[in-house]
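Below is one structure, written out as C-alpha coordinates, with a few remarks after it.
For clarity, every value in this text was computed on a predicted model and none was experimentally measured. Labels below follow one simple rule: chain letters A, B, ... track the order of the sequence lines, proteins then strands, and each chain is numbered from 1.
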Amino acid sequence: TQLLEQSPQFLSIQEGENLTVYCNSSSVFSSLQWYRQEPGEGPVLLVTVVTGGEVKKLKRLTFQFGDARKDSSLHITAAQTGDTGLYLCAGANTGNQFYFGTGTSLTVIP
Amino acid sequence: DTAVSQTPKYLVTQMGNDKSIKCEQNLGHDTMYWYKQDSKKFLKIMFSYNNKELIINETVPNRFSPKSPDKAHLNLHINSLELGDSAVYFCASSPLVSSDTQYFGPGTRLTVL
(Lines give C-alpha, C1' and ligand atoms only; values in the text may rest on other atoms or scores of the structure.)
Protein backbone atom coordinates (compact mmCIF):
# COMPACT_ATOMS: atom_id res chain seq x y z
CA THR A 1 0.00 0.00 0.00
CA GLN A 2 1.35 3.41 -0.99
CA LEU A 3 0.58 5.90 1.75
CA LEU A 4 -0.36 9.50 1.03
CA GLU A 5 -0.35 11.75 4.06
CA GLN A 6 -2.48 14.87 3.95
CA SER A 7 -2.04 17.89 6.15
CA PRO A 8 -3.69 19.41 7.93
CA GLN A 9 -6.20 16.74 8.91
CA PHE A 10 -8.73 19.36 10.01
CA LEU A 11 -8.95 23.02 9.01
CA SER A 12 -11.45 25.62 10.11
CA ILE A 13 -11.19 29.09 8.60
CA GLN A 14 -13.23 32.24 8.10
CA GLU A 15 -14.86 33.00 4.80
CA GLY A 16 -12.50 35.04 2.61
CA GLU A 17 -9.29 33.53 3.94
CA ASN A 18 -6.79 31.58 1.88
CA LEU A 19 -5.64 28.06 2.65
CA THR A 20 -3.34 25.33 1.40
CA VAL A 21 -3.73 21.58 1.80
CA TYR A 22 -0.78 19.27 1.29
CA CYS A 23 -0.55 15.70 0.06
CA ASN A 24 2.80 13.95 0.59
CA SER A 25 4.19 10.53 -0.15
CA SER A 26 7.52 8.76 -0.48
CA SER A 27 6.21 7.02 -3.62
CA VAL A 28 6.23 8.32 -7.17
CA PHE A 29 2.87 8.46 -8.90
CA SER A 30 2.02 8.51 -12.59
CA SER A 31 -0.81 10.93 -11.88
CA LEU A 32 -2.50 12.51 -8.92
CA GLN A 33 -6.09 13.53 -8.38
CA TRP A 34 -7.96 15.74 -5.96
CA TYR A 35 -11.52 15.00 -4.91
CA ARG A 36 -14.06 16.82 -2.73
CA GLN A 37 -16.54 14.81 -0.71
CA GLU A 38 -19.60 16.30 0.95
CA PRO A 39 -21.42 14.62 3.85
CA GLY A 40 -23.55 11.69 2.74
CA GLU A 41 -22.16 11.69 -0.79
CA GLY A 42 -19.38 10.10 -2.76
CA PRO A 43 -16.16 11.89 -3.71
CA VAL A 44 -16.29 14.09 -6.80
CA LEU A 45 -13.22 14.55 -8.97
CA LEU A 46 -11.87 18.11 -9.06
CA VAL A 47 -8.68 17.74 -11.08
CA THR A 48 -6.03 15.35 -12.38
CA VAL A 49 -2.37 16.34 -12.68
CA VAL A 50 0.06 14.16 -14.58
CA THR A 51 3.29 16.08 -15.20
CA GLY A 52 5.86 16.88 -12.52
CA GLY A 53 5.66 20.59 -11.70
CA GLU A 54 2.27 20.94 -13.36
CA VAL A 55 -0.05 23.67 -12.08
CA LYS A 56 -3.78 23.67 -12.79
CA LYS A 57 -6.33 26.29 -11.86
CA LEU A 58 -10.01 25.72 -11.33
CA LYS A 59 -11.56 29.12 -10.50
CA ARG A 60 -10.31 29.87 -6.96
CA LEU A 61 -8.57 26.50 -6.61
CA THR A 62 -4.94 26.01 -7.66
CA PHE A 63 -3.45 22.53 -7.81
CA GLN A 64 0.25 21.73 -8.09
CA PHE A 65 2.02 18.45 -8.69
CA GLY A 66 5.51 18.22 -7.22
CA ASP A 67 8.49 18.07 -9.56
CA ALA A 68 9.29 14.53 -8.40
CA ARG A 69 5.63 13.47 -8.67
CA LYS A 70 5.56 12.46 -5.00
CA ASP A 71 3.52 15.31 -3.59
CA SER A 72 0.83 17.82 -4.41
CA SER A 73 -0.85 20.87 -2.97
CA LEU A 74 -4.26 22.45 -3.22
CA HIS A 75 -4.56 26.19 -2.62
CA ILE A 76 -7.92 27.87 -2.21
CA THR A 77 -8.15 31.65 -2.51
CA ALA A 78 -10.88 33.58 -0.73
CA ALA A 79 -12.61 30.53 0.68
CA GLN A 80 -16.41 30.38 0.57
CA THR A 81 -18.83 28.38 2.68
CA GLY A 82 -19.51 26.21 -0.35
CA ASP A 83 -15.90 25.02 -0.20
CA THR A 84 -16.65 23.15 3.02
CA GLY A 85 -16.04 19.43 2.65
CA LEU A 86 -13.55 16.59 2.83
CA TYR A 87 -10.68 16.97 0.38
CA LEU A 88 -8.96 13.78 -0.75
CA CYS A 89 -5.88 13.35 -2.87
CA ALA A 90 -5.37 10.09 -4.75
CA GLY A 91 -2.22 8.88 -6.47
CA ALA A 92 -2.17 6.42 -9.35
CA ASN A 93 0.56 3.83 -9.80
CA THR A 94 1.68 2.55 -13.19
CA GLY A 95 -1.15 0.00 -13.10
CA ASN A 96 -3.62 2.89 -12.76
CA GLN A 97 -4.66 1.72 -9.31
CA PHE A 98 -5.48 4.65 -7.07
CA TYR A 99 -4.42 5.09 -3.45
CA PHE A 100 -6.29 7.71 -1.49
CA GLY A 101 -4.82 10.13 1.01
CA THR A 102 -5.77 10.45 4.65
CA GLY A 103 -8.10 13.38 3.91
CA THR A 104 -8.46 17.01 5.00
CA SER A 105 -11.74 18.13 6.49
CA LEU A 106 -12.30 21.81 5.68
CA THR A 107 -14.90 23.98 7.38
CA VAL A 108 -15.42 27.53 6.13
CA ILE A 109 -17.20 29.69 8.67
CA PRO A 110 -19.41 32.51 7.38
CA ASP B 1 -30.55 10.69 -13.96
CA THR B 2 -28.36 8.94 -11.42
CA ALA B 3 -25.01 7.91 -12.89
CA VAL B 4 -23.85 5.48 -10.20
CA SER B 5 -26.47 4.24 -7.77
CA GLN B 6 -26.21 2.03 -4.71
CA THR B 7 -28.79 0.26 -2.60
CA PRO B 8 -29.43 0.36 0.22
CA LYS B 9 -28.28 3.77 1.45
CA TYR B 10 -28.23 2.54 5.05
CA LEU B 11 -27.86 -1.00 6.35
CA VAL B 12 -28.01 -1.95 10.01
CA THR B 13 -27.56 -5.60 10.88
CA GLN B 14 -26.45 -8.00 13.55
CA MET B 15 -23.03 -9.57 13.77
CA GLY B 16 -22.87 -12.91 11.96
CA ASN B 17 -25.50 -12.06 9.34
CA ASP B 18 -24.96 -12.12 5.57
CA LYS B 19 -25.83 -9.02 3.55
CA SER B 20 -25.51 -7.66 0.02
CA ILE B 21 -25.03 -4.17 -1.39
CA LYS B 22 -25.99 -3.49 -4.98
CA CYS B 23 -24.42 -1.07 -7.43
CA GLU B 24 -25.52 -0.02 -10.89
CA GLN B 25 -24.05 2.47 -13.34
CA ASN B 26 -25.81 3.84 -16.40
CA LEU B 27 -22.74 5.51 -17.87
CA GLY B 28 -21.75 2.65 -20.14
CA HIS B 29 -18.43 2.30 -18.32
CA ASP B 30 -16.31 -0.83 -18.57
CA THR B 31 -14.73 -0.72 -15.11
CA MET B 32 -16.34 -0.75 -11.67
CA TYR B 33 -14.88 -0.60 -8.18
CA TRP B 34 -15.74 -1.11 -4.54
CA TYR B 35 -14.13 1.09 -1.90
CA LYS B 36 -14.40 1.05 1.90
CA GLN B 37 -14.28 4.32 3.87
CA ASP B 38 -13.63 3.89 7.57
CA SER B 39 -14.63 6.10 10.48
CA LYS B 40 -11.52 8.24 9.94
CA LYS B 41 -12.65 8.89 6.35
CA PHE B 42 -9.80 6.81 4.90
CA LEU B 43 -10.89 5.47 1.51
CA LYS B 44 -9.38 2.17 0.41
CA ILE B 45 -9.97 0.17 -2.74
CA MET B 46 -11.31 -3.35 -2.26
CA PHE B 47 -12.06 -4.69 -5.74
CA SER B 48 -12.03 -3.66 -9.36
CA TYR B 49 -13.86 -5.33 -12.23
CA ASN B 50 -13.43 -4.76 -15.94
CA ASN B 51 -16.14 -6.13 -18.21
CA LYS B 52 -17.29 -8.52 -15.50
CA GLU B 53 -13.78 -9.79 -14.81
CA LEU B 54 -11.91 -9.24 -11.55
CA ILE B 55 -8.73 -7.20 -12.07
CA ILE B 56 -7.92 -5.86 -8.60
CA ASN B 57 -8.44 -7.73 -5.37
CA GLU B 58 -6.80 -5.99 -2.46
CA THR B 59 -6.18 -7.77 0.80
CA VAL B 60 -9.79 -8.23 1.75
CA PRO B 61 -11.20 -11.08 3.88
CA ASN B 62 -12.76 -13.79 1.74
CA ARG B 63 -16.04 -13.08 3.54
CA PHE B 64 -16.35 -10.32 0.95
CA SER B 65 -17.35 -11.58 -2.48
CA PRO B 66 -18.04 -9.24 -5.39
CA LYS B 67 -20.27 -10.37 -8.21
CA SER B 68 -20.71 -8.72 -11.60
CA PRO B 69 -23.68 -10.13 -13.53
CA ASP B 70 -23.03 -7.66 -16.35
CA LYS B 71 -20.75 -4.69 -16.85
CA ALA B 72 -23.37 -2.24 -15.52
CA HIS B 73 -23.67 -3.98 -12.16
CA LEU B 74 -21.22 -4.85 -9.40
CA ASN B 75 -22.70 -6.22 -6.22
CA LEU B 76 -20.90 -6.86 -2.94
CA HIS B 77 -21.89 -9.78 -0.74
CA ILE B 78 -20.57 -10.00 2.80
CA ASN B 79 -20.79 -13.19 4.85
CA SER B 80 -20.60 -13.50 8.63
CA LEU B 81 -20.54 -9.77 9.28
CA GLU B 82 -18.19 -8.51 11.97
CA LEU B 83 -18.16 -5.31 14.01
CA GLY B 84 -15.09 -4.12 12.06
CA ASP B 85 -17.02 -4.25 8.82
CA SER B 86 -18.95 -1.16 9.88
CA ALA B 87 -18.04 1.55 7.37
CA VAL B 88 -19.32 3.40 4.33
CA TYR B 89 -18.93 1.37 1.14
CA PHE B 90 -18.64 3.23 -2.15
CA CYS B 91 -19.11 1.89 -5.62
CA ALA B 92 -17.40 3.71 -8.50
CA SER B 93 -17.03 3.33 -12.23
CA SER B 94 -14.67 4.56 -14.93
CA PRO B 95 -14.77 4.38 -18.73
CA LEU B 96 -11.68 2.22 -19.12
CA VAL B 97 -9.26 0.37 -16.90
CA SER B 98 -6.66 2.96 -17.78
CA SER B 99 -9.05 5.88 -17.34
CA ASP B 100 -8.27 8.22 -14.52
CA THR B 101 -11.82 9.52 -14.10
CA GLN B 102 -13.83 7.63 -11.52
CA TYR B 103 -17.45 8.40 -10.76
CA PHE B 104 -18.56 7.49 -7.27
CA GLY B 105 -21.93 6.40 -6.00
CA PRO B 106 -23.54 7.98 -2.91
CA GLY B 107 -22.29 5.26 -0.57
CA THR B 108 -23.89 2.65 1.66
CA ARG B 109 -23.45 3.12 5.40
CA LEU B 110 -23.16 -0.33 6.98
CA THR B 111 -23.52 -0.62 10.74
CA VAL B 112 -22.89 -4.00 12.36
CA LEU B 113 -24.27 -4.33 15.90
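Under the side-chain hydrogen bond (donor to acceptor under 3.5 Å, both in side chains) criterion, B/T13 pairs with B/N17, not counting sequence neighbours.
A distance of 6.0 Å or more separates the ring centres of B/Y33 and A/F98.
Hydrophobic clustering (ILVMFWY, side-chain heavy atoms < 4.5 Å, transitive): B/W34 and B/L54 are in one cluster. Cluster annotation: B/M32 is not connected to B/V4 through the hydrophobic network of ILVMFWY side chains, with a link wherever side-chain heavy atoms come within less than 4.5 Å. Following chains of ILVMFWY side-chain contacts shorter than 4.5 Å, one cannot reach A/L4 starting from A/Y22, and the two form parts of different hydrophobic clusters. B/L76 and B/Y103 are members of different hydrophobic clusters when ILVMFWY side chains are connected at heavy-atom separations under 4.5 Å. B/I21 and B/L83 fall within a single hydrophobic cluster, where Ile, Leu, Val, Met, Phe, Trp and Tyr side chains are chained together by heavy-atom contacts under 4.5 Å.
In the displayed structure, A/Q14 atom CD is contacted under 6.0 Å by more than 12 heavy atoms of other residues, nucleotides or ligands. Within 6.0 Å of atom NZ in B/K71, more than 12 heavy atoms from other residues, nucleotides or ligands are found, so the atom counts as buried in its surroundings. Annotation: A/R36, atom CZ; neighbour count of heavy atoms from other residues, nucleotides and ligands within 6.0 Å is above 12.
Only the side chain of A/Q37 comes within less than 4.5 Å of a heavy atom in chain B; its backbone stays farther off. Of the two parts of B/Q6, neither the backbone nor the side chain holds a non-hydrogen atom closer than 4.5 Å to a non-hydrogen atom of chain A. Heavy-atom distances place the side chain of B/I45, and not its backbone, under 4.5 Å from chain A. B/K9 touches chain A through its side chain: at least one heavy atom from C-beta onward sits under 4.5 Å away, while N, CA, C and O do not. Interface remark: B/Y35 contributes side-chain atoms only to the contact with chain A (heavy atom separation under 4.5 Å).
Applying a 4.5 Å heavy-atom cutoff, the residues of residues 75-90 of chain A that approach chain B are A/L86, A/L88. Contacts between residues 43-59 of chain A and chain B, counted as heavy-atom pairs separated by less than 4.5 Å, involve A/P43, A/L45, A/T48. Residues of residues 101-110 of chain A lying within less than 4.5 angstrom of chain B, judged on heavy atoms, are A/G101, A/T102 in numerical order.
In terms of heavy atoms, B/F42 sits closest to A/F100 at CE1-O, 3.3 Å.
With values rounded to the nearest 0.5 angstrom, B/Q102 atom CD is found 6.5 Å from A/Q33 atom CD.
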